[in-house]
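Labels below follow one simple rule: chain letters A, B, ... track the order of the sequence lines, proteins then strands, and each chain is numbered from 1. Given the structure is predicted, the values throughout are model-derived calculations rather than measurements.
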Amino acid sequence: MSEMYNHHVVEKKWQKVWEENKPFRATTDYTKPKFYALVEFPYPSGQGLHVGHPRPYTALDIVSRKRRMQGYNVLFPMGWDAFGLPTENYAIKNKIHPAVVTKNNVARFKDQLQSLGYSFDWEREVNTTDPDYYKWTQWIFLKLFKAGLAYKKEMPINWCTSCKVGLANEEVVNGVCERCGSPVVRKVKSEWMLKITDYADKLIDGLDSVDYIERVKTQQKNWIGRSEGAEVDFKLKDTDEILTVYTTRPDTLFGATYMVVSPEHPLIDKYKDRIKNWDEIIAYREMAARKSDFERTELAKDKTGVVIDGLSAINPVNEKEIPVWISDYVLMSYGTGAIMAVPAHDTRDFEFAKKFGLPIIQVVEGPDGQVDLDKEAFTDVQTGTMINSGFLDGLSVEEGKEKIKDFLEEKKIGHRKVNYKLRDWVFSRQRYWGEPIPIIHCDDCGYVPVDESELPLLLPEVDSYLPTDNGESPLAAMTDWVNVKCPCCGKPAKRETDTMPQWAGSSWYFLRYTDPENKEALASKEALNYWMPVDWYNGGMEHTTLHLLYSRFWHKFLYDEGYVTSPEPYQKRTSHGMILGENGEKMSKSRGNVINPDDIVRDYGADTLRTYEMFIGAFDLAASWSDDGVKGCRRFLDRVWKLQDMVVPGDEFSKENEIKMHQTIKKVSNDFENLKFNTAIAAMMELINVFYKDKKVNKKEYETLVTLLNPVAPHMTEEIWEVLGHTDHVYEQSWPEFDEAKTIEATVEVAVQINGKTKGTVNVMKDAEKDVVINAAKDMLGARLDGKNIIKEIYVPGRIVNIVAK
RNA sequence: GCACCAGUGGCGGAAUGGCAGACGCAGCAGACUCAAAAUCUGCCGGGAGCAAUCUCGUGAGGGUUCAACUCCCUCCUGGUGCACCA
């Protein structure tokens, strides 16, 4: 009898072997076929690993292990996205340098990951806070700066009152800080910006060439928010002024009954003298400015606004005079900050017009003519027909759009225009624990880049990491560091004291893994050529509009500059679901439903945790934790272990199990590729149930099972392999092959139905003729067909017989 | 409000036009045991029937089809993302 499986001993034993033999090292043999599997590198937080981490890591570990056995040169790396606020805040609170905090957290994370037996190539570990790494983050920034894609701008930024830091739009959730939940207010600051908007079209178009799950593509497209429309010029009455608006519905121009400009629109100040209700306008503008993002969202349902008394506009297509209003439902940051309002065919304009009693003119008719403009605007562009629109009458909306655009361009009163929701990326953080921005400001020369030879520009040692109340970075207090000579003219100048956001280091880390020690370049051309693009990148949906978009932007920029050779960084992107607590809620300390992976590894073993997280449910959906489910997976592994006592000799599959073996190899192989780990494991469970029923398994069958299971449960399967007398290892074996012909049984069980209701089954040869099967089915049905009139007989080979009878 | 995803036994889930509930958990029964645990074996959606069997059943309602968990329409519920983007 075999000993009971001892995961403590066995897992440590094999982890040591892997550490010493380094079988998972990616080689520099660039002649072999390559496979680059990537998982998002973690932020090494003080809490340690969460049970959510192993789900994606195990998934790609399985795929990586399988690919190695299939002969690929596999790159499956891991590293640390270690700059960031929590570390800095912890450092401030406990008076420990953030670099020390980071070092400790990384050590803990690494221990935990190694205890799970991942086949990462630890020789390629990267850390974004390592100067040898952030040297290249700074280098990329300088390239962006030199290409005109990094610029400084005075702008109202999202300011977190608690973190005392500027936030990107992406980091503000419902008007509060994504990290700490404190209110976010507007504050005008001079900030570094990256012109991601220059890449809007490339970021959309590139999606056609990659294999991302549809959800990710849709979300990125929506986030970039490309819209095609037109800019139209309206004359202001009795002035030479032109008020330009952006619209996606130029076809409805005849229905414009008023205009609205944003409260911040410069036109207002320019015509101050003409405006008769100036006090009212100023009061409204101040009220709008005071609203936080949160209030603006909350109040979205109720439209407010003030008519500008003294200004009016002329509709260029019919010369009608229409009033001009200000309202905060028009945003200065989108389009031209002004709109033409067509209340009949725009929901927001409709609400506004109803509230203020403005005229509503219908210019599009529904298919049945029934449009109730008392209740709501008619916004359907598919079925509408133009009316009350002069030369557009009778056209469809689509035709109308094109014809009016031609007209506008011909008469020089407007032109086609594409707009995006995407904004430039706010790249400054007033914080210590980030990459210093390598720029020097000189009063005479302006912003001067630090010479590339001086990179990395190291973070100076400071005593206090506390942010200042006036919004300056802690670095600003370091006068020795700040005051430098201008590299250009030699006069006294100052260093930039803002640091980069956490997204910087993660925007290119996948490139560094290909050649992590390189001193001359971010990675060698040869390494990049061979390894890029990443073949399979798995990560959380929450990174779709942040990290994933930012890193595609940087990569496309590096491609345009000739530093990388693939236009897209990731060939395939998949996403995993969250692991919820046992009660179906998100795991959190306050809910008291947190599971610590260390406890599971200690009590049941890493192989059990890995198997369980893969068996828990569909990979892309959220799943609730279950302690009983964990036990079930351990029971399965124990049953595999105990098959040792039932082994009989055999160099080939036994006759009775041959088909089942080929079927299982096929199912497991395919399911691993398609993220269907749960059904792959179910197939292996079915297989061992067969062995248990027979109370025997031949050696070849057992070895095959062990090989198939190895990517999921690598420790136990190596141990079994050794017990079976092998001196080599499972990871050196070839992935089992299946023979398609041998996955098909000679006879098949065909369901027999009358009028689609199943009555029983018949066994027939797999390639039996239709007549034979139908007759067998009729025999089986016997008296049940008596007195019935057969109308139709359907046979789907190998599947079903359906007799339609009355 | 808009978009996307999901809704199947007591529970996690399988089946994406062809025998609904694979596999696992929990439960029940048996074997082993002095006993318990562990392990092994069997049963395990509802209703009717001694039974063979019949019948209902995949959030609700309608439709397409010989056949619908699967496709189409309307609605309900939950989750996620976006949210005055003209």
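- In this structure, Asn689(A) reaches the rG24(B) phosphate: one of its side-chain N or O atoms is under 4.0 Å from OP1 or OP2.
- Atoms NZ (Lys631(A)) and C1' (rA37(B)) sit 12 Å apart, rounded to a whole Å.
- Side-chain nitrogen and oxygen atoms of Arg639(A) include at least one within less than 4.0 Å of the OP1 or OP2 phosphate oxygen of rC40(B).
- Projected onto RNA chain B by closest heavy-atom contact, Ala683(A) and Asp638(A) fall at different nucleotides, the more 5' of which corresponds to Ala683(A).
- For rG24(B) and rC73(B), the C1' atoms lie 37 Å apart once the distance is rounded to whole Å.
- In this structure, Gly225(A) reaches neither bases nor backbone, as no heavy-atom distance under 4.0 Å exists between it and the strands shown.
- Of the candidate nucleotides rC19(B), rA3(B), rA86(B), rC19(B) has the atom nearest to the side chain of Ala751(A).
- Taking only side-chain nitrogens and oxygens, Arg635(A) comes nearer than 4.0 Å to OP1 or OP2 of rU39(B).
- Donor-acceptor pairing under 3.5 Å, judged by distance alone, is present between the side chain of Asn802(A) and the base of rC66(B).
- Ring geometry for Phe352(A) versus Trp325(A): interplanar angle over 60°, hence perpendicular rather than tilted (30 to 60°).
- For a distance-only test at 3.5 Å, the side chain of Glu749(A) qualifies as a donor-acceptor partner of the base of rC19(B).
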Pairs under 3.5 Å (Watson-Crick or G-U), crossing ones as [ ], inter-strand ones as |: RNA chain B comes out as (((((((..(((.....[....))).(((((.......))))).((((....))))..(((((..]....))))))))))))....
Its contact letters, B for base, S for sugar-phosphate only and - for none at protein heavy atoms under 4.0 Å, make nucleotides 4-16 of chain B read S-------BSSS-
Point to revise | Test log, rule side chain to side chain donor-acceptor pair (under 3.5 Å), inputs Ser575(A) and Asp620(A) | key: CA-CA 6 Å; Ser575(A) 239; Asp620(A) 58 334; over 6 Å; no
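- Within 4.0 Å of Phe636(A), counting heavy atoms only, lies no atom of the nucleic acid at all.
- Rounded to an integer number of Å, the gap from CZ of Arg423(A) to P of rC82(B) is 15 Å.
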- Can Tyr420(A) and Trp223(A) be said to form a ring pair (Phe, Tyr, Trp, His ring centres under 6.0 Å), step by step? CA-CA 9 Å; Tyr420(A) 305 90; Trp223(A) 187 262; over 10 Å; no
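- Put simply, CH2 on Trp223(A) is 17 Å from P on rU80(B), counting in whole angstrom units.
- Taking only side-chain atoms of Gln219(A), from C-beta outward, the nucleotide of rU41(B), rC19(B), rG81(B) with the closest atom is rG81(B).
- A donor-acceptor contact under 3.5 Å links the side chain of Lys303(A) to the base of rC84(B).
- For the residue pair Glu745(A) and Thr747(A), no side-chain donor N or O sits within less than 3.5 Å of a side-chain acceptor on the partner.
- The residue Ser626(A) sits apart from the nucleic acid: no heavy atom pair falls under 4.0 Å.
- Counting any heavy atom pair closer than 4.0 Å across all strands shown, Glu793(A) reaches no nucleic acid atom.
- Closest contact between the side chain of Lys693(A) and the listed nucleotides rG24(B), rG42(B), rA86(B) involves rG42(B).
- Across all strands, Val796(A) comes closer than 4.0 Å to base atoms (heavy-atom distances).
- Shown here, rG9(B) is classed syn by the O4'-C1'-N9-C4 or O4'-C1'-N1-C2 angle, which is within 90° of 0.
- Residue Ile339(A) has its side chain nearest to rA86(B) when only rC66(B), rC23(B), rA86(B) are considered.
- Contact between Ile322(A) and Met259(A) at its shortest, heavy atoms only, is CD1-CG, 3.7 Å.
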Please walk me through it: do Phe615(A) and Phe677(A) pass ring pair (Phe, Tyr, Trp, His ring centres under 6.0 Å)?
CA-CA 6 Å; Phe615(A) 188 62; Phe677(A) 305 103; over 10 Å; no
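- Between the side chain of Tyr692(A) and the main chain of Arg639(A), a donor-acceptor pair closer than 3.5 Å is present.
- The aromatic rings of Trp641(A) and Tyr5(A) lie tilted to each other, with the angle between the two planes from 30° to 60°.
- Comparing rA14(B) with rA22(B), their C1' atoms sit 5 Å apart, to the nearest whole Å.
- In this structure, Asn315(A) contributes its side chain and Val317(A) its backbone to a donor-acceptor pair below 3.5 Å.
- With distances taken from any side-chain atom of Arg799(A) to the nucleotides rG18(B), rA83(B), rA86(B), the minimum falls on rG18(B).
- The phosphate of rA86(B) (OP1 or OP2) has no side-chain N or O of Thr347(A) nearer than 4.0 angstrom.
- When distances run from any side-chain atom of Lys642(A) to the nucleotides rC25(B), rA20(B), rC40(B), the shortest one goes to rC40(B).
- With contacts defined as side-chain heavy-atom distances shorter than 4.5 Å, the pair His7(A)/Met716(A) does not qualify.
- The backbone N or O of Leu203(A) sits less than 3.5 Å from a side-chain atom of Arg552(A), completing a donor-acceptor pair.
- Taking atom C1' in both rG17(B) and rG12(B), one finds a spacing of 26 Å when rounded to whole Å.
- Rounded to the nearest Å, the gap between the P atom of rC50(B) and that of rU41(B) is 33 Å.
- Of the candidate nucleotides rA86(B), rC19(B), rA22(B), rC19(B) has the atom nearest to the side chain of Ile800(A).
- Considering every non-hydrogen atom in both Ser327(A) and Pro263(A), the closest pair reads O-CD, 3.3 Å.
- Comparing the P positions of rA29(B) and rU77(B) gives a spacing of 42 Å, expressed to the nearest Å.
- rC11(B) and rG27(B) are spaced 11 Å apart, taking the C1' atom of each and rounding to whole Å.
- Nucleic acid contact for Ser227(A): sugar-phosphate only, since backbone atoms but no base atoms lie under 4.0 Å from a heavy atom of the residue.
- rC5(B) sits 15 Å from rU74(B) when the P atoms are compared, rounded to a whole Å.
- One C1' atom belongs to rA60(B), the other to rC66(B), and the distance between them is 26 Å to the nearest Å.
- Place Lys695(A) and Asp349(A) on RNA chain B by their nearest nucleotides, and Lys695(A) ends up nearer the 5' end.
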